[in-house]
Amino acid sequence: MSNDYKDSLLLPQTKFPMRGNLGNNEPLMQEEWNKIKLYEKRLAKNKKNEEYVLHDGPPYANGDIHIGHALNKVLKDFVLRYKSMKGYYTRYVPGWDTHGLPIETALVRTKKVNRNLIDKVEFRKMCSAYALEQVEKQKVQFKRLGILGEWNNPYITLDAKYEASQLRIFANMVSKGLIFKGLKPIFWSPSSETALAEAEIEYHDKKSPSIYVAMDSVEKLDIFEEDFKYLIWTTTPWTIPANLAIAVGDQIKYSFIKVNNVNYLVATELITELTNILEWENVEIIKEVKGNKLEGLTYKHPLYDRISPIVLGHHVTIEGGTGLVHTAPGHGEDDFIIGQQYGLDILCPVDSKGYMTAEAGKYEGEFIEDCNKSVVNDLHDLGYLLKLSWITHSYPHDWRTIKPVIFRATAQWFASIESLKDDMLKEIKNVTWYPKWGELRMANMVKDRKAWCISRQRTWGVPIPVFYNEDGTEILDKEVINHIADIFETEGSNAWYLKTAKELLPVGYTNPASPNGVFIKETDILDVWFDSGTSHHGGMKDFGLPYPSDLYLEGSDQYRGWFNSSLSTGVASIGESPYKTCLTHGFVLDGDGRKMSKSLGNVIDPLKIMKQSGADILRLWVASVDYQSDVRISNDMMKQVSESYRKIRNTIRFMLGNLFDFDPSKNKVDYKDLAEVDQYLTLKLNDLVKKTINSYDHFEFDTVYRDITNFVTRELSAFYLDFTKDVLYIVQANNHNRRSIQTVLYDTTLTLLKLLTPFLPHTTHEAYLHLPHHQYSNMYLENMPEFVEYGDQELITKYDRFMEVRDNILKALEEARNEKVIGKSFNAKLTLYPEGEVKELLSNMNTNLGQIFIVSQFEIKEGTGKYKFNNLTIDVEKAEGETCDRCWQIVEKTHNGLCQRCENIIK
RNA sequence: AGGCUUGUAGCACAAUGGUAGUGCAUCGGUCUUAUGUGCCGGAGGUUGUGGGUUCGACUCCUGCCAAGCCUACCA
């Protein structure tokens, strides 16, 4: 019986299971890593080496992590693990962004907190507790991904130390004159008397008056020497008192038209529409003029004795209205920007409750809705109103009171960007950007940037540490702010609310503008982008990490966000970008390339994937995609990645199995003594190392993934591991050929485990523990393999060519199989008839070719065979003879069922 | 509307301006000494689309379409 000899074979033996069961095993492994302090161990190993710092961008502490977080953190772990295994001293301090509106609203929603009734400090304490809960939750989820770092020593923007650090940057910027106060229109809710953030706005339909108003031109023009009126349209008549300009589009064509002996100027393309709406008859088009010719002309305000200019506005369109836009810088974002450009006042004759102020003249005291009526009536009486109708349109409302909101200019704090721009642009050039277009995108963004509004009328954040004097002037004093920073550092920012101004100011502080020693505290807080934007200090320098960091790695939305705010504050305070390299990843879309959303039901949950398939599967997906553009994820893709994972895992398992009796310290064969094909494999592996290290260095993880999987499938599984079985299983344990092959397998296994550890840290560690005579207690303590100069390029060239010839031979064997000449290749007798270059090649092959082709009988002869290829013809016949019960080769004659080779071995 | 980006086989990715390839999936075959495994082979493409430059375009230019990020707009 053939089975009798099975025990005499050296079949693979390993306890490394075929299935990973990652969902269950990974958490146990992570616990173990935590217990043995793996992160610290690796750091200690690199202690004396060069430092490499990836500074973590803080995720917002709210909700479960989503697939985008997973992509981000996994990519970071790839970099960190790779760099660590390269020997760099690579600390990783994770961070969290914990202030801001979403947490305020989460409390209001989930904990039913009534903001109007609760004490400010009490509310802030609740926010803090909630944020820290979220941090802990996300921490667990991030760790589940297999990310190593200082999870017990993170930077959190609500920490007292962090807040203090942030204020010191603010103080620094104050001392450089970069912080100033100005007016800016923002969403304002008269019903709740508060500023609103965009997130607190709901859009509802609202019925509004729609009015067309004619305003008298002051000048007559060379090209049109008659009086005329500028025609504007608005749905907010109450803003007419604040009108300070009319905006036109510079490329839009306008026409002077005559209707019932009155001349109007309107956009040419809107004449027909307006004729209908205004029920005009006999419209006479007189002259056309381009918008840019109108700039600088003036008109009379219809209600006041005021002359205002015609200005150019990029926002002006001909999609509706008249093509001339009523402009009130105190009541609209664009109006405001144009106002800035033209040096207009920011007139805002409306108080916090929505009543007109004295600046509105006769309308003082009227609520805006009433003012609408008054203004319309007056315009009508004065003959400036051409039409009043009512329209229903989508309009912003206060999400709580469901009452309409208005745009209202209010005093805000700004950080000057203008004076930093040149330095920022210079720094952008010095940063290395991945992908390359990042530089362009960033530069464009910075060029367009206006002053940064850093104040928010909220509660949950870092207070702006400014006091007001008795005369209303603000105290912008570096020393004072640093003093506040010191207080925050020990007491936290609640001190701002718990202490009086006197207690907060330095002892004995006086100011000429406050002769009675009375000071008022600012109530605004800092924009959360200022929080996270200063993390290069609070989360980096303060942790003993160098400035600038080596790498920032975030999603492409952060060009506008964190990269930008960090660069601003970095250049402002240090004069240098906080990052040397900036690497961005795309967004995760569904299988069809569409954005994920709850309503579409196409959201993929990383926690679920990890539970079902494992973090290593998720990580391998990250490795497999071109993350620098947008990436897709779908169940099909996860299936594909799982297949790929199984291939890798099983190949490693097979190699481990064939190393069960291999001790490198005793059995290792020197390179020069390896069989030729074993040398070839060593060289191919060496090439893989070179390519892979290079790809890792350039953050090209998908190339690493592809090169490795190709190597595993082609070089190993389909070639080397297939034919070497005839040696590994059959010959004596200590046979030189066998040890030679095992040397390659050992080298290959260890090298692959090393190269794969950034991607599959759980799997490689598990496999490593099953690798006989491994050196360290943990895979992660190994270093990356290094490229070796063997100087044997000729051997590679020769074998690469041979592999092409091999393809032909395999084809011939396949055809013979289709013709039922043979089944498995061991049944075959293979005869080659090479010519020319192939003949030369084969004669140079210093190896057992029959073994490589896994045939029982092999010959090279002169002549012509049945299967024809370039410079090679081939015959495949059924091998005649008897099958050896042990090695299954067909030989001419067996003794007791064994071939000569096996008989010798058994003895 | 503007800035930036992406579009190659079912999927993931390649291709100094020079015959469109690799892996996975699929289909067919084969082994059972890697067995929830291995090996071999086949099929699969007007490179989103219309123009242009060129002897020659996946590659360069341009219009359009689709998708994504960020701005802005809705008076």
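Because the structure is a prediction, the values reported are computed rather than measured. Reminder, nothing fancy here: chain letters follow the sequence lines and each chain counts from 1.
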Determine the Euclidean distance between corresponding [atom1] atoms of [M] and [N]; express it in Å to zero decimal places.
N	M	atom1	answer
B:G18	B:C70	P	37 Å
B:G17	B:G50	P	24 Å
B:C64	B:G7	C1'	14 Å
B:G52	B:G29	P	49 Å
B:U62	B:G3	P	12 Å
B:A57	B:U19	P	12 Å
B:U16	B:A12	C1'	25 Å
B:A9	B:A20	C1'	11 Å

**Report entry** Qualifying salt bridge (charged side-chain N to carboxylate O under 4.0 Å, His left out) pairs, either residue in residues 815-824 of chain A, two or more places apart
**Finding:**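 Those involving residues 815-824 of chain A are A:Glu814-A:Arg817, A:Glu819-A:Lys866.
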Requested in this report: Kindly state which residues belonging to residues 436-444 of chain A come within less than 4.0 angstrom of RNA chain B, counting heavy atoms of the residue only, listed by number.
Outcome: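 Heavy-atom cutoff 4.0 Å gives A:Trp437, A:Leu440, A:Arg441, A:Asn444.
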Query raised in the report: Do the charged groups of A:Asp807 and A:Lys811 touch, with an N to O distance under 4.0 Å?
Result: no
Report task. Answer yes when A:Asp557 and A:Arg560 have at least one side-chain N-carboxylate O distance shorter than 4.0 Å, and no when they do not. Result -> no
**Report entry** Rounded distance (nearest 0.5 Å) linking atom NZ of A:Lys184 with atom SG of A:Cys453
**Finding:**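 If we round to the nearest 0.5 Å, A:Lys184:NZ and A:Cys453:SG are 5.0 Å apart.
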Restricting to nitrogen or oxygen on both sides, can you table the protein-nucleotides 24-28 of chain B pairs closer than 3.5 Å?
from, atom 1, to, atom 2, distance (Å)
B:G28, N2, A:Glu814, OE2, 3.4

Pick base, sugar-phosphate or nothing for [X], based on heavy-atom distances below 4.0 Å to the nucleic acid.
X	result
A:Lys725	base
A:Thr709	nothing
A:Asn650	base
A:Thr236	sugar-phosphate
A:Lys820	sugar-phosphate
A:Tyr559	nothing
A:Gly657	nothing

Report task. Could you check whether the rings of A:Trp433 and A:Phe563 sit parallel, tilted or perpendicular, using 30° and 60° as the cut-offs? Result ->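 A:Trp433 vs A:Phe563 ring planes: perpendicular.
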Query raised in the report: So A:Phe723 and A:Tyr720, would you call those rings parallel, tilted or perpendicular, with 30° and 60° as cut-offs?
Result: perpendicular
Query - Check: A:Val731 main-chain N/O paired with A:Arg738 side-chain donor or acceptor under 3.5 Å - result: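 Not at all, since once roles are kept as given, no pair shorter than 3.5 Å links the two residues.
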Query raised in the report: Can you name the ring pair (Phe, Tyr, Trp, His ring centres under 6.0 Å) partners of A:Trp452, sequence neighbours left out?
Result: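 Applying ring pair (Phe, Tyr, Trp, His ring centres under 6.0 Å) to A:Trp452 gives A:Phe530.
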Report task. Could you tell me which residues satisfy ring pair (Phe, Tyr, Trp, His ring centres under 6.0 Å) with A:Phe78, sequence neighbours excluded, listed by chain and number? Result -> A:Phe701, A:Phe759
Report task. Tell me, please, which residues at least two apart from A:Leu11 pass side chain to side chain contact (heavy atoms under 4.5 Å, CB included). Result ->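 Counting only residues at least two positions away or on another chain, A:Leu11 forms a side chain to side chain contact (heavy atoms under 4.5 Å, CB included) with A:Lys6, A:Leu9, A:Tyr729.
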Requested in this report: Look at A:Lys824 and B:U30 and indicate whether a side-chain polar atom (N or O) is within less than 4.0 Å of OP1 or OP2.
Outcome: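 Answer is no, no contact under 4.0 Å.
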Query - N/O (side chain, A:Arg817) to phosphate O (OP1/OP2, B:C40) under 4.0 Å - result: no
Query raised in the report: Who passes salt bridge (Lys or Arg N to Asp or Glu O under 4.0 Å) against A:Lys647, sequence neighbours left out?
Result: none
Please report, to 0.1 Å, the donor-acceptor pairs under 3.5 Å made by any side chain of residues 585-593 of chain A, with sequence neighbours excluded.
from, atom 1, to, atom 2, distance (Å)
A:His585, NE2, A:Asn72, ND2, 3.0
A:His585, NE2, A:Gly555, N, 3.2
A:Asp590, OD1, A:Asp592, N, 2.8
A:Asp590, OD1, A:Gly593, N, 3.1
A:Asp590, OD1, A:Arg594, N, 2.9
A:Asp590, OD2, A:Asn602, ND2, 2.7

Between protein and nucleotides 47-49 of chain B, what N or O pairs are separated by less than 3.5 Å?
none

Requested in this report: Start with the C-alpha distance between A:Phe711 and A:Leu716, add both sets of side-chain angles, then the distance that settles side chain to side chain contact (heavy atoms under 4.5 Å, CB included), and finish with yes or no.
Outcome: CA-CA 6 Å; A:Phe711 182 81; A:Leu716 291 179; 3.7 Å; yes
Query raised in the report: Counting side-chain heavy atoms from CB outward, which of B:C40, B:A34, B:C69 is closest to A:Met18?
Result: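 Of all the options, the side chain of A:Met18 is nearest to B:A34.
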**Report entry** Candidate nucleotides B:C70, B:G68, B:A34, ranked by approach to the side chain of A:Lys595 - the nearest
**Finding:**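 Ranking B:C70, B:G68, B:A34 by closest atom to the A:Lys595 side chain puts B:G68 first.
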Query raised in the report: For every nucleotide of nucleotides 13-22 of chain B, 5' to 3': is a protein heavy atom under 4.0 Å from its base (B), only from its sugar-phosphate (S), or from neither (-)?
Result: S--------S
Query raised in the report: So what's the dot-bracket for RNA chain B: Watson-Crick or G-U pairs under 3.5 Å, [ ] if a pair crosses, | if it pairs off-strand?
Result: (((((((..((((....[..)))).(((((.......))))).....(((((..]....))))))))))))....
Report summary line: Whole-Å distance, A:Arg632 CZ to B:A66 P, equals 15 Å
For nucleotides 42-44 of chain B, which of its nitrogen or oxygen atoms have a protein nitrogen or oxygen under 3.5 Å away, and what is each distance?
none

